[in-house]
Amino acid sequence: SSAVVNKSKTKSVSLSLPSDRNDQYLLGVYQNNMQVVEDAVITPGTTRHSVTLTGYGVQSYDLYINSQFYKTVKVDFEAND
């Protein structure tokens with residue numbers, strides 16, 4: 001259905017990361033158990049990381065650190081932030 005495609009928006013999302021890690025790690029973004037953003041190498045002391053996501057409405061994404069579940073974030077593609 002092309003209607004759904006037309007509703008999709010792409011936005012840059014700033015993810016908050018744990019501030020207590022002093023080691024380099026890999027951050028992966030998944031949706032419905034499918035990886036949607038390639039693993040990014042995060043250096044110690046980084047507290048925010050921006051990713052580009054495409055979707056519509058409100059979508060949930062699961063963040064994984066070194067392949068371990070970290071947290072779920074909701075992204076509102078309709079919000080003009």
Closest non-hydrogen atom pair, G28 against D39: CA-OD1, 3.4 Å

Verdict with supporting geometry, I42 and L17, side-chain contact (heavy atoms from CB on, under 4.5 Å): CA-CA 9 Å; I42 308 296; L17 302 176; 3.8 Å; yes

Atom pair CD/OG1 of Q31 and T72 - distance to nearest 0.5 Å: 11.0 Å

Chi angles and distances behind the side-chain contact (heavy atoms from CB on, under 4.5 Å) call for Y30, V36: CA-CA 5 Å; Y30 290 74; V36 293; 5.8 Å; no

Euclidean distance, K74 NZ relative to Y61 OH, rounded to 0.5 Å: 12.0 Å

Straight-line distance of L15 CG to Y70 OH, nearest 0.5 Å: 9.5 Å

Reported CD-to-CG distance for the pair Q35 and D62, which is rounded to 0.5 angstrom: 11.5 Å

Minimum-distance pair of heavy atoms, taken over all atoms of A40 and H49: CB-NE2, 3.6 Å

F69 CZ to Y64 OH distance, which is reported to the nearest 0.5 Å: 6.0 Å

T54/K11 under side-chain contact (heavy atoms from CB on, under 4.5 Å): CA gap, chis, key distance, verdict: CA-CA 6 Å; T54 301; K11 70 189 294 183; over 6 Å; no

For Y56 against Q59, the heavy-atom pair lying closest together: O-NE2, 2.7 Å

D20 atom CG, over 12 foreign heavy atoms within 6.0 Å: yes

E38, CD atom: more than 12 neighbouring heavy atoms under 6.0 Å: no

Residue pair L53 / F77: nearest heavy atoms and the distance that separates them: O-CE2, 3.4 Å

Candidates N66, V41, T46, L63 - the one meeting side-chain contact (heavy atoms from CB on, under 4.5 Å) with L27: L63

T52 and T10: CA distance, side-chain angles, deciding distance, side-chain contact (heavy atoms from CB on, under 4.5 Å) verdict: CA-CA 7 Å; T52 300; T10 299; 3.2 Å; yes

Rounded distance (nearest 0.5 Å) linking atom CZ of R48 with atom OG of S16: 5.5 Å

